[in-house]
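Report on one structure; see the data block that follows.
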Amino acid sequence: MQNLVTPTVLPSYRREEWIKGYLSQPNEGAYWIEEIEGEIPANLRGTLFRNGPGLMDVGGQPFAHPFDGDGMICAFSFCPNGKVYFQNRFVRTEAYIAEQKAQKILYRGFGTQKPGGWLANCFDTNFKNAANTNVLYWADRLWALWEGGSPHRLDPANLETVGRDRFLASVLDSNQPLSAHPTIIKGDDGEERLVTYSVKAGLSSKVEIFEFDRQGKLLKKHAHILPGFAFLHDMAVTTDTCIFFQNPVTLDGFSMLFGLKGADKCIQFRDDRPTKVVLISRNGDFEMQVLETDPNFIFHYANAWEEGDKIWVEAICLDYFPQLDPDIDFRDIDPGQYPKSQLRRFCIDRARKTVDSQLVETRSCEFPQLNRDRCGRPYRYLYVGATDREQEENSPLQAVMKIDWHTGERQLWSAAPSGFVSEPIFVPAPDGVAEDDGWLLVLVYDGAKHRSKLVILDARDLQQGAIAQLHLPYHIPYGFHGMWTSFLPNLQ
């Protein structure tokens, strides 16, 4: 009898290269990028701002969770002279300044505890504002965002930390948290609006929703009480409705308050409870409505839109909250042991009070992006960071995928085996007509060279490969989110 041998499927990445992307980058810089492959599009003008953890340790003491790294802003300015000016700078938060001076961990974080055990952490609820999640450029101002605390205003020309200003101080209480996921959506008049929110979680949770015009004027502000503890990282927005999927989690407040566990270890996923779908009117046309769907965990939404009594929502879903093993350093984890993040489409029928869903992409993916003009409306093209291969197990993001919802076609550009991708940012072409006329800007970490590069892709055709690659002299640690803007610094 012949022995059947199961072929070995080699991973698409080298573990030792992937891990190096979590190393700290203490250097700050400001310079013209000299090493460029390919040709930068002539009409690409503006600045890409990105945010993410830049330091993963203080004085040799490592943070226990990647969410706790100090925020470092990167700026790629595409100038009229055809060159690109790069800057990276840490957000000078109170915690960053204090810990750099002391050269040790002084604050609790999402997963990090202060040295000294439970006694050192007991009753300490002054959690570190890492300012490391997203950036927002609005009303000619730039902010670093972190959902657990106040935004930090920055100078967009040189990334220096300014502090609070009257634009937000006039509508937020002192130290009031603001979402790290604001939504920019066009109104019926064609003007863009900034829709964002604040959450105060507890036994019941208070959500405040804010809308601003392009000049920074507050247009709307309304508060709502959600039943139970609400872990809300993102919000979906349509032309008429704000939508939250309230993840089925509870908080072990006793362990957190008495310093027995970090905050991330106190979050408990409950697969015996439904996910609550909360619908809130942007215009006060209806009372808040709460529906239910199967338990899952959502960090990010792709898009949402309305058709009659139905609301369609696309979101990246996980089977459960990906809690890190307390006995394993996050730099040593096996990605295959954690749930895949997959794209689902939900149909919310307000009249029937039902929520149905279907899996629309089985490949593990994250960081969904689209042409901003289609936010809150039916659309055709979605861009996501994705795994290099379609496989059962989860693995790092190494590719960018374009999904055409009209034809079902998928396009894939991959940086494997040594490249690891960030969120793909869509930049519309100035003279563009079609929804996908533009480019994708993707920061890629090269694990073989321990350097990072900004890759420019044609958003119409990813498979033609990179249009240009802008190589940095050092690496940028894995980050989270960014924003394309028309702002350009005066570099003369």
Side-chain angles (χ1 to χ4, degrees), residues 25-33 45-55 69-81 83-101 128-147 149-172 174-182 184 192 194 196 212-218 425 427 441 443 454 470 472 474 476-477 479-492:
Q25 178 51 266
N27 296 306
E28 297 176 310
Y31 48 84
W32 295 102
I33 298 177
R45 297 285 178 270
T47 297
L48 170 67
F49 293 105
R50 294 197 76 260
N51 197 354
L55 289 181
D70 292 289
M72 184 175 73
I73 309 299
C74 295
F76 294 84
S77 296
F78 291 78
C79 300
N81 59 7
K83 297 183 178 181
V84 179
Y85 193 74
F86 174 79
Q87 301 179 74
N88 70 299
R89 190 176 179 89
F90 285 98
V91 184
R92 264 60 176 182
T93 65
E94 176 184 331
Y96 173 84
I97 294 171
E99 289 186 334
Q100 287 302 300
K101 183 178 180 180
K128 176 180 180 177
N129 183 334
N132 66 6
T133 311
N134 206 347
V135 288
L136 171 64
Y137 184 77
W138 191 258
D140 299 323
R141 296 169 173 88
L142 178 68
W143 289 276
L145 304 179
W146 181 74
E147 67 195 43
S150 298
H152 285 75
R153 186 181 171 189
L154 311 172
D155 185 333
N158 56 24
L159 306 183
E160 289 184 359
T161 303
V162 177
R164 286 171 61 86
D165 69 343
R166 290 190 297 174
F167 171 66
L168 288 178
S170 62
V171 297
L172 296 176
S174 178
N175 296 319
Q176 181 178 359
L178 192 70
S179 168
H181 275 284
I184 296 175
E192 287 187 326
L194 174 69
T196 188
F212 300 91
D213 67 12
R214 258 291 173 194
Q215 290 68 48
K217 178 183 177 182
L218 179 65
I425 302 295
V427 181
L441 303 185
L443 188 61
L454 187 71
L470 288 61
L472 301 179
Y474 46 72
I476 303 299
F480 299 128
H481 302 289
M483 182 178 182
W484 172 259
T485 75
S486 60
F487 172 83
L488 277 174
N490 184 0
L491 299 171
Q492 297 180 0

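Model, not experiment: these values are computed from the prediction.
Counting only heavy atoms from C-beta outward, the side chains of Y137 and I184 never approach each other to under 4.5 Å. Side-chain contact check for L491 versus N81: every heavy-atom pair is 4.5 Å or farther apart. Using a 4.5 Å heavy-atom cutoff, the side chains of F78 and L470 are in contact. Counting only heavy atoms from C-beta outward, the side chains of N129 and H152 approach each other to under 4.5 Å. At a threshold of 4.5 Å between non-hydrogen side-chain atoms, the residues T485 and P156 do not count as touching. Considering only heavy atoms from C-beta on, W146 stays 4.5 Å or farther from V91 through its side chain. Side-chain contact between L55 and P26 is present, with at least one heavy-atom pair separated by less than 4.5 Å. Considering only heavy atoms from C-beta on, F480 comes within 4.5 Å of P53 through its side chain.
Between Y96 and F90, the ring-plane angle classifies as parallel under the 30° and 60° cut-offs. Classification of the Y474-Y31 ring pair by plane angle, with boundaries at 30° and 60°, yields perpendicular.
Of all the heavy atoms in G71 and N51, the pair that sits closest is CA-OD1, 3.9 Å. Across every non-hydrogen atom of A180 and L145, the tightest pair is CA-CB, 3.8 Å. A144 and A131 get closest at one heavy-atom pair: CB-O, 3.9 Å. In plain terms, the two heavy atoms of P151 and W143 that are nearest each other are CB-CD1, 3.8 Å.
Remark: Q87 pairs with no residue by the side chain to side chain donor-acceptor pair (under 3.5 Å) rule, at least two apart or across chains. Under the rule for a side-chain contact (heavy atoms from CB on, under 4.5 Å), the partners of S179 that lie at least two apart in sequence or sit in another chain are H181, T196, Y197. Not counting sequence neighbours, the partners of N27 by the side chain to side chain donor-acceptor pair (under 3.5 Å) test are Q25. Checked against side-chain contact (heavy atoms from CB on, under 4.5 Å), P177 has the following partners two or more places apart in sequence or in another chain: S198. Partners of R45 according to the salt bridge (charged side-chain N to carboxylate O under 4.0 Å, His left out) rule, which considers only residues two or more places apart in sequence or in another chain, do not exist here.
A distance of 5.0 Å separates CG of L154 from CG of L142, quoted to the nearest 0.5 Å.
With N88 contributing its side chain and G29 its backbone, the two residues share a donor-acceptor pair below 3.5 Å. Using modelled atom types, no side-chain atom of T47 and backbone atom of A75 make a donor-acceptor pair closer than 3.5 Å. At least one donor-acceptor pair closer than 3.5 Å links the side chain of N132 to the backbone N or O of G69.
The salt bridge (Lys or Arg N to Asp or Glu O under 4.0 Å) contacts involving residues 89-98 comprise E28-R92, where partners must be two or more places apart or lie in separate chains.
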